[in-house]
Amino acid sequence: MKSILKLFTLIILFIAVSCSTKNEFTLENEAVARIINVSTDGHLFTSEIFNKIAGKKLMPKDKEEFRLRISQGTHIEGSDLVLSSEDFKFIKVLKEDSNSLGFLLKNKEHLMEVEVYYEVGKDDFYIHKYLNIKSTKPVTIERIDIESLSLEDIYQPYQIKQITSQGVAEWRPGLGQPLYGSESATFFGIEFPAADNYVENKKGYCGYLWGKEIKANEIYTSHKAVIGVGDDSEYIQETFYNYIDRIRIRPLRLQVQYNSWFDFYSGVNKEKFNQSVSKVHLELVNKRGVDPLKAYVIDDGWQDVSADWSDKVWKVNSKFDADFSTSFENVQLADSKLGIWMSPGCLFGGEPAVPQLKEQGFETMGKWMSMAGPKYMQLLEDRMLELTNKGVNYFKLDGIFGHLNTREFELHGDRYGIPYMPQLGTDGLAASDPLLNDSKFDELKTYYLVAGTERLMELFRKQHAVDPNVYVVISNGAYLSPWWLMYIDAVWMINAGDAAGGSNRTEELVYRDGVYYDTWQKENTQFPINSVFNHEPKKVTSGESPEEFSQYLWMNLSRGTGFVELYIKTQELSESDWDVLAKGLKWVKTAFPYFKRAKMHGGSPKESEVYGYTGWNEDGGFISFHNPSSLPQTYRVKLDRKLGLMEGKNKYVVSSPLENATEFVQTEYLYGSEVEILLKPREVKILDFR
């Protein structure tokens, strides 16, 4: 009897101990929940992601929580070691509170530890996750997938990978693009512009190529993954852009400024620049009541490429004061700030400085500088921070990884962690060799883009600390990842020239809007139009009618970018030109609140189909229309959420800033009703809704 009682007691104790060992953890707020489990054999995995907003649950079909690709030192395809979460044993809980979870995992065979952390803010509609990776021996990690999710509805909206060295307007790396859930109203990605998120056999990989060594007992902290939720899978892009708006380094701002490029090209000097500053301020601000411009920008032409740059890069030539003092004074008189053009990679007007920098031991590639080179990038960072500290408030960074026609890649960057892959046959290849267009080199090229991007991110973080109101645009050679906005303000729209081609305004609009259509409608690029740099509006001659200039200008402004840079010849503009320009800038100020949700609608400009742009908030919105054809066309659009309207608003009253839409003025429309508009050949119309 005593033996039976003793056995019974032991069973009860065993059950009690077993029940006290927690194997399920939940991180949640009112919008989203993630349930983490530890399996009976000691592996960490996500069992459920719950979108509380839409009432949708995601159940991963396998138990892979993350994946690491470890270099075996051979760089032969297929020889790398792949370790997943299932190769690591759960050791202990590191953190468990209302907004975070942390777990320690170990792989004894490979002497590695991984700490997995999850975070959620009280009012967020997304959950973050990151890894701390440690090894007791040196280890080179080729790729890190922080999320490895096998989900029935996960898909990849942007699917192009065009990492070319040569080819006009053939630059679509596909880096830093999100993944979506087609039924669950979810989005996925890595908060890193150069991430490589993709879907294969209904499995989503959110990670990035890295290719660097972690020293023994050193801890590497990965970039953060994010999973977010919305109310409707049809509008998940809208939810994703709301998330991007939350995490961007500086709020979306209306940045109206003058640029000297089409005024003087590289012939700019302080006298010409100061004359234009005074003229623009007089005509737009003093005479016509436009708000003072945010910046006046000295474009290519101020740099002294004949000077010794070994101690300081981007020195000022004799056309300007060494410290831009006169230019600072003039923009201050215009109640504005000074902006400058620079080329981080020393492209365009910076190219003559490269041979000397190469002789002095700085990291060059072909014709240009390496964005991952420690010596050069430190000098560039020092100079940009110095200029920012002196009061330069705007930077146009033109030429990062290349330009419209040519890109360069670091092929032998072992000195700063970029893997060398001799089996690919890169020996003897130039940095921009056309042979590099072959997709077999994509990983090697991406390692350089990752290293350069990380170095630029470091620079931009420091620049923001010096001036939290600085405005930074990355131009030629950049790529369209929305996660760039965690570091800068706007990105070049890629694959478009600085001047819209065409013999008339219609052709100019069709050229630029055709690139918009290809980028956002056909290629499905996930990047907010409100943060695009598009090299317009341009006005370098006079003589066109006010009506023609107005229609071009409003169509341009209606694209919805908060970055409006004036490319004008200040001494060529007539009184009526200034009148139109002033009126347009006043309109863009009133329409700017709608730009946060700006989008394109309609057909293909290049196919002569009616198209336009629209943007809305809870107070109203606007719609632009352009008929690029030589025949009149009727176009219809429905005022609903698909167009961008906020649900729940009942009635809107129409006005127009142009004189050609009087038939709509004071017309009332309800949410859900249809607008039918007749457009003459090559006509632009703008409707404002309040």
Side-chain angles (χ1 to χ4, degrees), residues 234-235 237-238 500 502 504-522 524 529 534 536 547-561 584 587-588 591 594-595 597-617 620-647 649 651-690:
E234 186 177 356
Y235 304 106
Q237 183 190 74
E238 179 184 301
N504 56 52
R505 289 301 199 185
T506 298
E507 291 182 3
E508 288 181 6
L509 289 173
V510 166
Y511 170 79
R512 187 77 67 197
D513 293 323
V515 178
Y516 268 84
Y517 184 83
D518 289 344
T519 304
W520 279 274
Q521 305 292 78
K522 289 177 65 176
N524 214 9
I529 286 179
N534 65 22
E536 287 189 281
E547 292 76 21
E548 187 176 7
F549 181 35
S550 292
Q551 291 191 39
Y552 159 80
L553 179 65
W554 258 269
M555 194 64 206
N556 186 289
L557 297 175
S558 77
R559 291 169 181 150
T561 176
W587 178 84
V588 83
Y594 311 130
F595 287 4
R597 295 159 56 85
K599 61 167 70 174
M600 195 174 193
H601 68 89
S604 169
K606 291 182 283 190
E607 299 297 324
S608 296
E609 297 169 343
V610 176
Y611 70 92
Y613 300 86
T614 185
W616 298 80
N617 67 11
F622 72 90
I623 313 175
S624 66
F625 307 86
H626 181 211
N627 173 18
S629 79
S630 57
L631 298 171
Q633 294 195 68
T634 299
Y635 180 79
R636 296 172 184 85
V637 64
K638 190 175 182 180
L639 301 178
D640 58 10
R641 186 176 177 184
K642 191 171 183 179
L643 189 68
L645 277 75
M646 311 287 279
E647 291 181 330
K649 294 293 179 180
K651 186 167 65 176
Y652 298 93
V653 180
V654 178
S655 62
S656 176
L658 301 180
E659 301 297 325
N660 62 348
T662 55
E663 70 272 26
F664 289 97
V665 174
Q666 294 303 309
T667 302
E668 295 182 355
Y669 285 93
L670 299 176
Y671 179 94
S673 58
E674 187 177 77
V675 176
E676 180 176 292
I677 189 165
L678 176 63
L679 296 155
K680 298 175 184 176
R682 296 172 291 279
E683 186 175 36
V684 170
K685 288 188 177 183
I686 308 288
L687 300 183
D688 288 327
F689 295 77
R690 299 290 185 271

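A salt bridge (charged side-chain N to carboxylate O under 4.0 Å, His left out) with Glu238 is found for exactly one of Arg641, Lys642, Lys599, namely Arg641.
Below 30°, between 30° and 60°, or above 60°: for His601 and Tyr635 the angle between ring planes is between 30° and 60°, a tilted geometry. Using bins of under 30°, 30° to 60° and over 60° for the plane-to-plane angle, the ring pair Phe622/Trp587 lands in the perpendicular bin.
With sequence neighbours excluded, no residue satisfies ring pair (Phe, Tyr, Trp, His ring centres under 6.0 Å) with Phe549. For the side-chain contact (heavy atoms from CB on, under 4.5 Å) test, residues two or more places apart in sequence or in another chain that qualify with Ala500 are Glu508, Tyr511, Arg512, Glu536. Residues meeting the side-chain contact (heavy atoms from CB on, under 4.5 Å) test with Val653, sequence neighbours left out: Gln666, Glu668.
A distance-only check finds no donor-acceptor pair linking the side chain of Asn556 to the backbone of Arg559 [under 3.5 Å]. Using a distance-only test at 3.5 Å, with no hydrogens or angles considered, a donor-acceptor pair links the side chain of Ser624 to the main chain of Tyr613. For Glu609 (side chain) and Ser604 (main-chain N/O), a donor-acceptor pair under 3.5 Å exists by modelled atom type. The main-chain N or O of Pro605 is never found under 3.5 Å from a side-chain atom of Asp513 such that the two would form a donor-acceptor pair.
Smallest separation of non-hydrogen atoms from Tyr517 and Gly602: CE1-O, 4.1 Å. Across Lys685 and Leu678, no two heavy atoms sit closer than the pair NZ-O, 3.2 Å. The two residues Ser656 and Val665 come nearest to each other via the heavy atoms N-CG2, 4.4 Å. Summarising the geometry of Ser558 relative to Met555, their closest heavy-atom pair is OG-O, 2.9 Å, with the distance given to 0.1 Å. Residues Leu687 and Ala661 approach most closely at CD2-CB, 4.0 Å, considering heavy atoms.
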After noting the C-alpha distance and the side-chain angles of Ile623 and Ile677, does the key distance pass the side-chain contact (heavy atoms from CB on, under 4.5 Å) rule?
-> CA-CA 11 Å; Ile623 313 175; Ile677 189 165; over 6 Å; no

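The environment of CD in Glu659 is sparse: at most 12 heavy-atom neighbours from other residues, nucleotides or ligands sit within 6.0 Å.
Put simply, the side chain of Arg682 does not reach to within 4.5 Å of the side chain of Asn504, judged on heavy atoms.
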